[in-house]
Every structure is written in C-alpha cells, then in structure tokens.
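All remarks here apply to the structure that follows.
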Number of protein chains: 2
Amino acid sequence: MTNPPSPTTAPLPDFLPPALCALAREQSLTRGETLFRRGQRPTRVFFVAAGEIHLLRHGVHGQAVIFQRSAAGSFLAEPSIDSPGYHCDAVAVAASRLRVFPLADFRSALDADPAFARRWRLFLAREIRRLRGRAERLAMRSVRERIVHYIECEGEDGMLSWSGELKALAAELGVTHEALYRALARLAADGLLERAPGCLRLIGSGRL
Amino acid sequence: MTNPPSPTTAPLPDFLPPALCALAREQSLTRGETLFRRGQRPTRVFFVAAGEIHLLRHGVHGQAVIFQRSAAGSFLAEPSIDSPGYHCDAVAVAASRLRVFPLADFRSALDADPAFARRWRLFLAREIRRLRGRAERLAMRSVRERIVHYIECEGEDGMLSWSGELKALAAELGVTHEALYRALARLAADGLLERAPGCLRLIGSGRL
DNA sequence: CGTACTTTTGAATCGCATCAAATCTGGTGG
DNA sequence: CCACCAGATTTGATGCGATTCAAAAGTACG
C-alpha cells in the first residue's frame with residue numbers, strides 16, 4: 001500500500017485486441033454492491049482492475065458459500081462467456097474498479113481472431129495449471145510441505161521472489177501467518193531454506 | 001474395482017470433431033512408465049481413458065513434487081497445447097490407456113472450427129470453475145465445512161448424488177476417510193444432513 | 001465359509017489455530 | 001529529532017481437531 005487511497009491496480013493482459021479494448025467501459029463498485037445474480041443471462045465480461053469480487057451462492061441455511069475470491073487481475077466468470085446463465089452471485093467485498101466488455105463482442109473477437117483465441121486458450125490453460133498446483137498443495141497436511149511445494153512450483157529452480165508481505169503468502173498457502181512464520185523459521189534453522197528480503201530459496205544439498 | 005483387470009474407463013468428450021477423433025491413436029502405459037519429460041517440445045495431446053498420470057518435477061532434494069494428478073477423463077497438459085515446451089514430467093502411476101492426438105491437428109481444428117473452439121473454451125472454463133471451488137474448499141479448516149461446501153457447490157440444491165465410495169470423497173476433500181466418517185456421523189446426529197445410499201442431502205430448516 | 005474391501009469406532013498423538021503479547025518497521029506530526 | 005501510531009513480524013501458551021495406528025463390524029463376491 002504505497003499508493004494513497006487506491007488499492008492494488010492490475011493492467012489488462014496485453015493480448016486483448018485493441019478493437020475489443022476500445023469497447024470496454026469502466027465500472028466502479030462500492031463495498032457490498034452486487035455485480036450480477038445467479039440465473040441472469042451474461043451480457044458482459046468483467047476484468048477486475050482493483051478491489052475484490054466474491055462469487056458465491058447462498059446455502060440451505062442462508063449462509064454464504066464462497067465459490068471463488070477474485071482479486072485484481074482476474075477475469076470474472078470466464079465460464080459464462082459461453083454459458084446461458086450465471087451460476088452464482090457476484091458481490092464486491094471491497095470498493096472495486098472493473099473493465100467491462102460486451103459479451104457478444106468478446107465472443108466474436110474470439111471467433112474471428114485465431115491469434116487472440118490462441119492466447120486466450122493459453123491464458124485459461126495457465127490458470128488451470130496454477131489452480132491444479134494450488135489444489136495439490138492445499139491438500140498437503142503440513143505447512144512445511146506447502147511452503148516447499150509452493151517454492152518448487154511457483155519459483156525458479158528452488159528460488160522464489162516474493163515482494164509482498166508474508167501474511168499474503170500465508171493466505172495463499174491457506175494457513176495462519178503465525179504458522180507460516182514458525183515453519184519458515186524452522187526450515188531456516190534446519191538449513192533447508194535461505195531467507196532474504198523479497199526472496200526465499202531452498203537449499204539443496206545435492207542439486208539434481 | 002468391480003471390473004476384473006481394467007480400472008475405470010472414461011469416454012472422450014462428445015464435442016471433439018469426428019475428423020479429429022479419427023486421427024487419434026491408442027497408447028498404453030505400464031505403471032511407472034514416463035510419458036514425456038520436462039522441456040520436450042509437445043507434439044501430441046493426451047486424453048487419459050484409464051489409469052492415472054502424475055505431472056511432477058523433481059525438487060532440489062530430488063524428491064518428487066507433484067503438480068497434478070490426472071485420473072481417467074482428463075486431458076493432459078492442455079497448457080502445452082499452445083506452449084513451446086512441457087513444464088514438467090508425466091509419469092503413469094498405474095497402468096493407463098491414453099488417446100493420443102497429433103498436436104498440430106488439434107490446434108488447427110481449434111483454429112478452423114469455431115464451434116469446437118467454443119466448446120473447448122467452455123470445457124476449460126468449467127475446469128477453472130471447479131478448481132477454484134476446490135481450492136476454496138481445501139483452504140477451509142474443518143472437515144465439516146468442507147463437506148457442506150462440497151455439497152453446496154457440486155450438488156443440486158443441497159443434494160449430492162455420490163455413487164462411489166466414501167473413501168474417494170475423503171480424498172477429494174483432502175482428509176482421511178476416518179475424519180470424513182466421523183464428520184458425516186456428527187452432521188447427521190446434529191440433524192443437518194441426511195444420508196441415503198448414493199446420496200447426501202443437507203437439511204435446511206428454512207430453505208432460502 | 002473365506003477373502004478383500006469398505007465402513008465404523010476407539011485411543012493416543014501431533015500440528016495448527018487461536019489468543020495474547022512483545023518487537024520491529026515505516027510513516028506522521030509535533 | 002523524537003513521540004507516536006498502525007501495521008507487519010515474531011514468540012509464547014493453550015486447546016481443539018485431524019491424523020495416526022488399531023481393531024471391529026459390515027458387505028460383496030467367489
């Protein structure tokens with residue numbers, strides 16, 4: 001948070017056709033505002049530039065069942081690009097800014113522009129890869145395992161650049177920050193991890 | 001395992017163009033066999049018809065770091081469809097049967113056939129949705145929460161048809177089967193869940 | 001009936017969440 | 001420059017819930 005009032009801002013991916021980008025308009029949401037509701041026919045594609053949107057349903061007891069938390073940088077409801085109806089509600093849990101594309105134009109750009117379609121597929125496929133890794137990691141029992149897995153998967157050759165706060169890393173790993181601190185300290189004490197500002201590196205006795 | 005030797009078999013999705021399917025050949029892998037290695041240029045697209053393939057890298061200590069476990073019914077390495085090189089190794093952890101498509105033909109079918117491209121995007125997007133829900137669920141602390149979330153997300157209106165074994169459900173939820181049995185028993189005892197063969201239903205006092 | 005498996009229950013242990021508090025840090029204003 | 005505040009970071013103590021190991025009961029199948 002070095003910027004005065006605005007939260008993290010994410011730019012649009014670079015592979016969107018300029019003609020499509022030109023059709024995008026801006027939309028702002030206040031905290032708590034609803035973007036769309038389950039069952040509505042999708043007519044737009046959203047990109048979260050800032051803030052956070054939750055996709056959720058209401059369970060049988062009325063409680064919120066969160067499907068997905070989309071922070072800045074995500075496209076929202078890609079599934080709906082080719083779907084007849086939203087499968088859940090979308091609510092801003094923080095003041096948010098969106099880029100909004102007309103769905104029909106987004107679809108026809110994908111149909112008409114093979115290069116864009118290819119990049120879009122690549123984009124989706126990368127997301128799948130990241131999510132599969134994340135799910136694999138979250139199924140691990142211990143914090144230590146998750147840390148190692150994260151560095152191996154998301155880092156380069158056992159080295160992870162991590163500019164943000166460790167609390168955010170803890171959230172990504174699905175553990176409390178206290179548990180993360182302790183596990184990092186023990187990994188370092190065991191000589192398996194090197195900690196430097198903005199960087200975590202696994203120590204391999206024998207590099208494979 | 002009711003079938004004598006063959007494990008679960010999954011059919012190809014129905015939306016693959018017949019011309020493309022005609023180009024597919026079969027491949028069998030024995031347990032432990034390697035399908036491809038990291039860095040190799042992808043030349044084929046794989047569909048796992050039976051068995052299970054693990055995508056993994058070797059960590060700095062030589063241990064296997066599993067990115068993804070792909071059971072029957074998954075396409076393998078979709079990310080690589082538009083990538084210059086595999087990002088990990090693929091190893092069969094059980095005897096497996098694959099349908100193998102030439103990558104170039106798969107790609108050009110996607111480029112040339114907008115209907116197929118649309119279905120493929122939908123396929124990827126559904127996968128993303130499922131995985132996001134799964135990750136959200138795996139980040140939950142208690143088994144009880146995970147069960148409820150799973151039924152709400154994957155079931156219909158608080159009711160989940162589950163034909164397989166509960167052990168498989170436990171694996172999906174990322175907990176031991178003992179923990180799952182106990183949590184189900186307590187949910188039922190608390191009057192929040194109804195158990196029937198092949199079916200789990202949440203009891204909502206007030207249906208919302 | 002016997003085997004192999006799932007389902008279920010029991011008891012002991014361990015790791016993480018939780019609550020609490022101390023330290024450190026960067027930024028603000030007097 | 002220092003006092004002060006808000007936040008991240010770190011350490012401590014405690015309890016709970018899941019894992020683990022173990023074993024019994026139920027079930028499908030030959």
Item to check | Protein-nucleotide distance (A/Arg186, atom CZ; D/dT11, atom P), rounded to Å | outcome: 13 Å
Next on the checklist: Would you say that more than 12 heavy atoms from the other residues, nucleotides or ligands in this model lie under 6.0 Å from the CZ of A/Arg69, or not?
Outcome noted: no
Checklist entry - Quick one: A/Leu166 CG to C/dC24 P, roughly how many Å, whole number? => result 17 Å
Item to check | Which nucleotide in C/dA17, C/dT9, D/dT10 has an atom nearest any side-chain atom of A/His177 | outcome: D/dT10
Next on the checklist: Name the residue from A/Val93, A/Val91, A/Leu29 that meets the side chain to side chain contact (heavy atoms under 4.5 Å, CB included) definition with A/Ile53.
Outcome noted: A/Leu29
Next on the checklist: When you compare the side chain of A/Arg132 with that of B/Glu127, does any pair of heavy atoms fall below 4.5 Å?
Outcome noted: yes
Next on the checklist: Please determine whether the number of non-hydrogen atoms from other residues, nucleotides or ligands lying under 6.0 Å from atom CD of A/Glu156 exceeds 12.
Outcome noted: no
Next on the checklist: What is the distance, to the nearest angstrom, from the CD atom on B/Glu165 to the P atom on C/dC5?
Outcome noted: 11 Å
Next on the checklist: Distance criterion of 3.5 Å, no angle test: do you see the side chain of A/Arg182 paired donor-to-acceptor with the base of D/dG12?
Outcome noted: yes
Next on the checklist: Tell me the interatomic distance from B/Trp162, atom CH2, to C/dT6, atom P, rounded to whole angstroms.
Outcome noted: 14 Å
Checklist entry - How close or far is atom C1' of D/dG17 from atom CG of B/Leu187, stated in whole angstroms? => result 14 Å
Next on the checklist: Closest approach to the side chain of B/Glu178, judged atom by atom: which nucleotide of D/dT20, C/dT7, D/dT10 is it?
Outcome noted: D/dT20
Next on the checklist: Below the 4.0 Å mark, does D/dT19 have OP1 or OP2 next to a side-chain nitrogen or oxygen of B/Thr176?
Outcome noted: yes
Checklist entry - Quick one: does A/Arg57's side chain have a donor or acceptor within less than 3.5 Å of a partner on A/His87's backbone? => result yes
Checklist outcome for this item: When rounded to whole Å, the CG to P distance for the pair B/Leu138 and D/dA18 reads 14 Å
Next on the checklist: Strictly distance-based, threshold 3.5 Å: is any side-chain N or O of A/Glu152 a donor or acceptor partner for the main-chain N or O of B/Val60?
Outcome noted: yes
Item to check | Atom-to-atom span, NZ of A/Lys167 to C1' of D/dG7 - whole angstrom | outcome: 8 Å
Checklist entry - NA contact type, B/Arg195, heavy-atom cut-off 4.0 Å: base, sugar-phosphate, or nothing? => result sugar-phosphate
Item to check | Value in whole Å for how far the P atom of C/dT18 lies from CG of A/Leu180 | outcome: 15 Å
Checklist outcome for this item: In numerical order, the residues of residues 140-153 of chain B whose heavy atoms come under 4.0 Å of DNA chain C are B/Arg141
Checklist entry - OP1 or OP2 of C/dT8 less than 4.0 angstrom from a side-chain nitrogen or oxygen of B/Tyr181, does that happen here? => result no
Checklist outcome for this item: Test ring pair (Phe, Tyr, Trp, His ring centres under 6.0 Å), reference B/Phe47, set B/Phe106, B/Phe75, B/Phe101, output is B/Phe75
